[in-house]
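Hydrogens, waters and symmetry mates are skipped; everything else that's a heavy atom, side chains included, is used. Each residue takes its place number in the sequence, starting with 1. Please read all numbers here as calculations on a predicted model, not as lab measurements.
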Amino acid sequence: MQVAVVTFDGFNEIDSFVASALINRCRKDGLEAFITTPTPVVTSMNGVEVTGQRPMEFVTEADVVLIGSGVKTRDVVADDRLISRLPLDPARQLIGAQCSGALVLARLGLLAGMPASTDMKSRPFVEACDVTVLDAPFHAEGNIATAGGCLASQYLATWVITRVLGEEAARDVIDYVAPVGENRETVERAVRAVHAGEVALR
């Protein structure tokens, strides 16, 4: 199972790297994430240059697609050519968005009738797309999920791992990266956030 972590110019390092790093702890179980970029090199919001591991076209073959956020997301959604390179299919792919990545999902028409989680700065722009924004760090319906707040990227990764490999695999990963002495509460918080987000409309 392959995961495309879509990373645009001006990206937020926490969003792309945390999700990718957590998911890649499952490589031995056949789940692997790749930083996927529209150009060979992208520069983060803090000036970190990163060489993409996969080109944007990789999203068509990926089993999971996560859209990262950044300071240029509104430019991304205004670029018809760039958006056309994201032919996502929720019928066969798990699709997630972090913070302003929700704008990309809205632009693609994937949030129609579905509320979303996003960060506070992106909230008014997501709401302007006629999307209801929740006061929650994570929300998922079917194969589409959104997370709000940079550190909620761990919840997006927890959701992906749980959906692909099961909850125990997700618990193992979060336990491994948890601050020493805070393992149990960190694991429970992540699992609880995902369960709460998925239960919201039941």
So which heavy atom on [X] is nearest to which on [Y], and how close?
| X | Y | result |
| --- | --- | --- |
| Gly181 | Glu185 | O-OE2, 4.3 Å |
| Ala140 | Trp159 | CB-NE1, 3.8 Å |
| Ala116 | Leu111 | CB-CD1, 4.1 Å |
| Ala4 | Val59 | CB-CG1, 4.2 Å |
| Gln98 | Gly149 | NE2-O, 2.8 Å |
| Val131 | Ala106 | CG2-CB, 4.2 Å |

Spell out, yes or no, whether [X] and [Y] are grouped together once hydrophobic residues are joined by side-chain heavy atoms under 4.5 Å, including indirect joins.
| X | Y | value |
| --- | --- | --- |
| Val126 | Leu134 | no |
| Val76 | Leu105 | yes |
| Met45 | Val48 | no |
| Val18 | Val42 | yes |
| Leu66 | Val177 | yes |

I need the [X] [atom1] to [Y] [atom2] distance, nearest 0.5 Å.
| X | Y | atom1 | atom2 | answer |
| --- | --- | --- | --- | --- |
| Asp79 | Arg85 | CG | CZ | 9.5 Å |
| Leu94 | Arg163 | CG | CZ | 5.0 Å |
| Arg192 | Thr158 | CZ | OG1 | 12.0 Å |
| Glu32 | Gln2 | CD | CD | 7.5 Å |
| Ile174 | Glu167 | CD1 | CD | 11.5 Å |
| Asp15 | Ser20 | CG | OG | 12.0 Å |

Next item on the list: List the steps and the verdict of side chain to side chain contact (heavy atoms under 4.5 Å, CB included) for Ile95 and Asn143.
Entry: CA-CA 6 Å; Ile95 300 169; Asn143 288 344; over 6 Å; no

Would you mind reporting whether [Y] and [X] have side-chain heavy atoms less than 4.5 Å apart?
| X | Y | value |
| --- | --- | --- |
| Pro40 | Thr51 | no |
| Val191 | Arg171 | yes |
| Ile35 | Ser16 | yes |
| Thr118 | Thr146 | no |
| Phe8 | Met56 | yes |
| Ser122 | Arg74 | no |
| Arg107 | Cys129 | no |
| Phe11 | Val71 | no |

| field | Enclosure of Asp130 CG (heavy-atom neighbours >12, cutoff 6.0 Å) | value | no

Donor on one side chain, acceptor on other, [X] and [Y], under 3.5 Å:
| X | Y | answer |
| --- | --- | --- |
| Thr186 | Asn183 | no |
| Ser44 | Glu13 | yes |
| Thr37 | Thr7 | no |

Between Val77 and the options Leu82, Leu108, Val104, the side chain to side chain contact (heavy atoms under 4.5 Å, CB included) test singles out Val104

Are any of the side-chain nitrogens in Arg123 or Asp135 under 4.0 Å away from the carboxylate oxygens of its partner? yes

Any donor-acceptor pair under 3.5 Å linking the side chain of [X] with the backbone of [Y]?
| X | Y | answer |
| --- | --- | --- |
| Glu188 | Arg184 | no |
| Asn24 | Ala33 | yes |
| Asp9 | Thr43 | yes |

Using 30° and 60° as the class boundaries, would you call the ring planes of Phe58 and Phe34 parallel, tilted or perpendicular?
perpendicular

_Walk me through whether Met114 and His139 qualify under side chain to side chain contact (heavy atoms under 4.5 Å, CB included)._
CA-CA 10 Å; Met114 174 180 169; His139 182 73; 3.9 Å; yes

Check against side chain to side chain contact (heavy atoms under 4.5 Å, CB included), Val41 and Val50: CA-CA 6 Å; Val41 177; Val50 172; over 6 Å; no

Check against side chain to side chain contact (heavy atoms under 4.5 Å, CB included), Asn12 and Ile14: CA-CA 6 Å; Asn12 183 316; Ile14 296 174; 3.4 Å; yes

